[in-house]
Amino acid sequence: MVTTVDFLQQLNPSQRQAVEHFCGPLLVVAGAGSGKTRALTARIANLILNRRVDPGNILAVTFTNKAAREMKERIEKLFAEQEALARHSKPLHMLSEYEQIQLRSYVYKTFLKELWIGTFHSLCSRILRFDIEKYQSPDGQSWTKSFSIFDESDAQSLVKSIVINQMNLDDRKFNPRSVRFAISNAKNQGQTPDEYEEANPTFKGRAIAEVYRYYQRGLSANNALDFDDLIRVPVQLFRQNEQVLDYWHRRFRHILVDEYQDTNRTQYDLIQLLTTNGKGNQSFDDWKNRSVFVVGDADQSIYSFRAADFTILMGFQKEFGDGLADEETETLVKLEENYRSTSNILDVANHLIENNTERIEKILRATRGEGDAIFCHRADNEAMEAEYVVSQIRNLEMKNPELNWKDFAILYRTNVQSRAMEEVLTRFSIPYKVVGGLRFYDRREIKDILAYLRLVVNPADSVSLKRIINTPRRGIGKTTLDNLDKAAAELEVPLWDIMKDETSLKTLAGRASKSAIAFSRMVSSWQERADTVSPTEIVQEVLENTGYLEELKSKGTEEDLNRIENIQELYSAVAQFEEENEDATLNTFLANAALSSDNDKDNDENNQVTLMTLHASKGLEFAVVFLVGLEQGLFPSFRSLEDAAAIEEERRLCYVGITRAQDRLFLSHARERRTYGHMREVSTPSIFLSELPRDYIMTTVPSALPERWATTTREANLKNPQPNLNKPGTHEDDWSVGVPVNHKAFGEGKVTHIFGAGNKICLAIHFPGIGKKIIDPRTTTIERLG
DNA sequence: GGACGGTGCATTTTT
DNA sequence: TGCACCGTCC
């Protein structure tokens with residue numbers, strides 16, 4: 001293949017610097033709309049085309065399937081374009097359809113297929129399909145290749161049964177959801193049950209640690225992993241088995257991570273192990289033909305409640321990089337040119353985010369003109385707010401021929417807020433879609449069918465077995481199930497081990513034994529043939545032989561017909577999966593299903609106004625954005641009001657919302673809002689509104705935009721550590737790298753890096769024996785020793 | 001085993 | 001307010 005550098009010439013200097021960086025570590029701080037996906041894809045192309053890197057040596061990690069898919073598509077297109085020029089001296093679109101298809105298929109086979117591009121979870125599940133049988137947990141648990149992946153509801157029901165049945169705890173005090181949340185958090189921080197208990201030596205902490213122990217045993221007994229373990233198990237395996245780690249370390253010579261601010265501790269460990277082969281960052285210096293390239297934006301870190309930790313991004317320079325100041329460093333590139341929004345919108349966003357203390361100094365530079373003014377409206381209540389929004393949408397749509405319904409987005413903090421908007425949109429017959437809600441694979445009928453398939457692949461999966469043992473009804477009631485379950489528990493074997501034995505069934509199942517045996521034989525026959533027969537065939541048999549479809553058809557309500565449609569869609573998904581993957585098995589299909597959240601199959605009607613939460617909007621852009629419900633207690637959420645760090649995260653969320661807008665931005669809030677039915681509360685406008693530059697914003701009513709809150713008001717709202725601007729040692733000039741310090745709890749350490757500038761700084765301090773901490777000198781007292 | 005009503009709960013949620 | 005879940009009753 002003759003290479004051209006065409007795709008490099010479309011990049012700006014910073015993008016180009018990032019893309020052409022070859023070996024060693026690089027942190028790319030990529031602001032909103034700065035072309036980071038372009039940089040990532042161009043970098044992969046550059047590695048392969050100009051640096052002769054084997055595609056099989058590249059690992060690109062994303063957080064969503066959508067991002068992975070997008071990256072693949074863009075790389076395929078980029079390669080096809082290069083190839084078209086090289087082979088035919090013509091741009092791709094000038095070629096005949098046949099030539100284009102030929103080229104794309106060549107590109108797919110030669111490059112795309114070899115590249116590992118995917119989410120942390122899908123990549124880890126692939127690694128585990130190779131190596132999980134080499135792993136043994138510290139407690140001696142092990143898994144086989146046919147492991148099930150438990151989704152959140154499987155995990156929660158396991159926790160629930162432990163809380164109630166095994167530990168006899170009050171499930172109101174130990175609500176399964178929050179217990180599962182605590183366990184998940186512990187796992188993502190790399191804590192074992194013992195370590196969790198040590199860190200939480202209360203009654204509750206001890207109890208949760210015990211649930212955690214049972215929970216891990218439960219997962220193993222089901223030959224199942226939850227989402228957290230999917231990443232944690234490879235990390236532990238790499239730590240306990242040098243050969244396995246060495247293999248993957250050699251294989252992935254160039255690692256790219258997207259949305260690096262969203263990585264959690266375990267995900268970081270994984271990247272760190274793969275990069276350094278377990279040698280540790282400090283002693284690892286063999287960057288020959290090897291790189292770790294991470295892209296992220298600390299200002300868009302909005303998933304800390306999911307254990308994401310953006311201080312990992314802030315620490316990259318110290319951990320992997322040269323740690324030098326911005327002017328001298330060779331391991332940091334900032335993409336600050338924004339191609340998305342008008343300068344008015346960017347100025348407002350920049351102003352807002354300046355109020356955060358924990359960040360890497362960065363400013364979005366506009367490449368577009370000033371644009372329209374930003375509006376702020378105060379409505380009497382949520383219904384009036386919705387009317388304001390919808391009337392603006394109608395107006396703009398009517399007066400601007402270039403604007404379609406799909407160019408509008410309404411963004412809110414919480415899902416319930418969609419209701420008021422939907423009512424008015426419906427009243428005016430404006431087409432809209434609400435993003436979020438029930439995932440395809442979370443629907444009851446889909447989960448039922450998948451449970452059958454899971455049981456076929458993984459007979460130890462008792463959670464799936466219990467789900468479908470009597471669905472559809474076959475007379476195996478609670479009493480029978482209890483008997484079988486008790487026997488299984490007594491013998492410490494999976495429930496299916498009892499179920500598959502007809503003698504046992506006859507003894508234990510009593511009146512239900514006849515249908516239990518029929519059920520057992522049916523499932524056994526699928527299990528026996530699963531390796532030889534195609535997945536679609538098994539699915540077809542499940543649908544027919546269980547009578548599942550039959551039952552829905554006979555009931556025939558509208559809901560049932562809908563379920564039948566969904567099941568048909570599932571069947572198509574299996575068929576499509578088979579076509580697209582030559583090595584398609586039931587097992588790989590199930591992994592794929594568990595790890596995909598696609599509910600965006602609404603391609604029939606696309607010209608619609610989009611309604612979604614701010615979280616869901618990350619990564620998207622719209623010509624016109626409405627940011628609604630800007631009220632103190634709603635946005636920022638009342639749960640964040642007393643915690644400075646949480647307020648900063650909400651502010652980042654607001655920043656994300658503002659930077660979604662390309663041309664026009666509308667802000668709104670309501671004086672009164674009905675919450676949970678009756679309570680009507682007079683609300684204060686959001687603190688974020690008070691932080692915006694007034695000159696940029698037109699108000700529709702006099703009281704729409706609040707005055708900048710006095711520091712005292714702000715302090716009253718933030719009871720926790722308060723930035724104290726008059727405290728000594730809060731200015732960047734007070735510090736320099738290498739200065740020894742003393743901290744009350746951590747002892748003596750050395751400053752290794754200074755983030756930020758002026759009196760808005762954070763210090764990275766290394767404490768021997770403890771590690772690195774990022775500390776804000778305004779909220780924490782640190783004594784300078786040198 | 002299913003229909004019914006009472007009770008309690010209720011951010012955000014990439015996988 | 002709206003729903004998910006549970007226990008009760010037939």
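On a predicted model such as this, the values are computed, not experimentally measured, just so you know. Each chain gets a letter, A, B and so on, in the order the sequences are listed, and its residues count up from 1.
In this structure, OH of A:Y441 is placed 16 Å from P of B:dT14, rounded to the nearest angstrom. One can place CD of A:Q300 at 14 Å from C1' of B:dT14, the figure rounded to the nearest angstrom. Note: CD1 (A:I164) to C1' (C:dC5) measures 11 Å, nearest angstrom. When the P atom of B:dT12 is taken as reference, atom OH of A:Y655 falls 24 Å away, rounded to whole Å. What separates OH of A:Y303 from C1' of B:dT14 is a distance of 5 Å, to the nearest Å. Residue A:R177 contributes atom CZ, which lies 13 Å from atom C1' of C:dC3 at whole-angstrom precision. A:Q417 has its CD atom 18 Å from the P atom of C:dT1, to the nearest Å. Put simply, CZ on A:F181 is 11 Å from C1' on B:dT11, counting in whole angstrom units.
Across all strands, A:E650 comes closer than 4.0 Å to base atoms (heavy-atom distances). Using a 4.0 Å heavy-atom criterion, one finds that A:K160 contacts the sugar-phosphate atoms exclusively. If you check every strand for non-hydrogen atoms under 4.0 Å, A:N470 touches sugar and phosphate atoms only.
Checking B:dT14, B:dT11, B:dT13 against the side-chain heavy atoms of A:A616 singles out B:dT13 as nearest. Closest to the side chain of A:T414, out of C:dC3, B:dT14, B:dT11, is B:dT11. With distances taken from any side-chain atom of A:R473 to the nucleotides C:dG2, B:dG1, B:dT14, the minimum falls on B:dG1. Out of C:dC5, B:dT13, B:dT14, the shortest distance to the side chain of A:D262 is found at B:dT14.
The aromatic ring of A:F305 is stacked on the base of B:dT12, with the two ring centres less than 5.5 Å apart and the planes inclined by under 30°.
Both A:L595 and A:I476 sit near DNA chain B, but only A:I476 has its closest nucleotide nearer the 5' end. Taking for each of A:R474 and A:S637 the nucleotide of DNA chain B with the nearest heavy atom, the 5'-most of the two is the partner of A:R474.
An OP1 or OP2 oxygen of B:dA10 is reached within less than 4.0 angstrom by no side-chain nitrogen or oxygen of A:N415. Between A:T613 and B:dT13, a side-chain N or O to OP1/OP2 separation shorter than 4.0 Å is present. Between A:R439 and B:dT13, a side-chain N or O to OP1/OP2 separation shorter than 4.0 Å is absent.
Taking 4.0 Å as the cut-off between side-chain N and carboxylate O, A:R359 and A:E648 do not count as a salt-bridged pair. Salt-bridge annotation for A:K36 and A:D258: present, with a side-chain N of the basic residue lying under 4.0 Å from a carboxylate O of the acidic one.
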Take A:V211 and A:F174 through the side chain to side chain contact (heavy atoms under 4.5 Å, CB included) test and state the conclusion after the steps. CA-CA 10 Å; A:V211 180; A:F174 291 87; 5.7 Å; no

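Classification of B:dT11 as syn follows from a glycosidic angle within 90° of 0.
Between A:F252 and A:W248, the ring planes are parallel. Angles under 30° get that label, and only those over 60° would be called perpendicular.
Within 6.0 Å of atom CZ in A:R444, 12 or fewer heavy atoms from other residues, nucleotides or ligands are found, so the atom counts as exposed in its surroundings.
Each of A:F63, A:Y268, A:F227, A:Y260 was compared with A:F120 under the ring pair (Phe, Tyr, Trp, His ring centres under 6.0 Å) criterion, and only A:F63 meets it.
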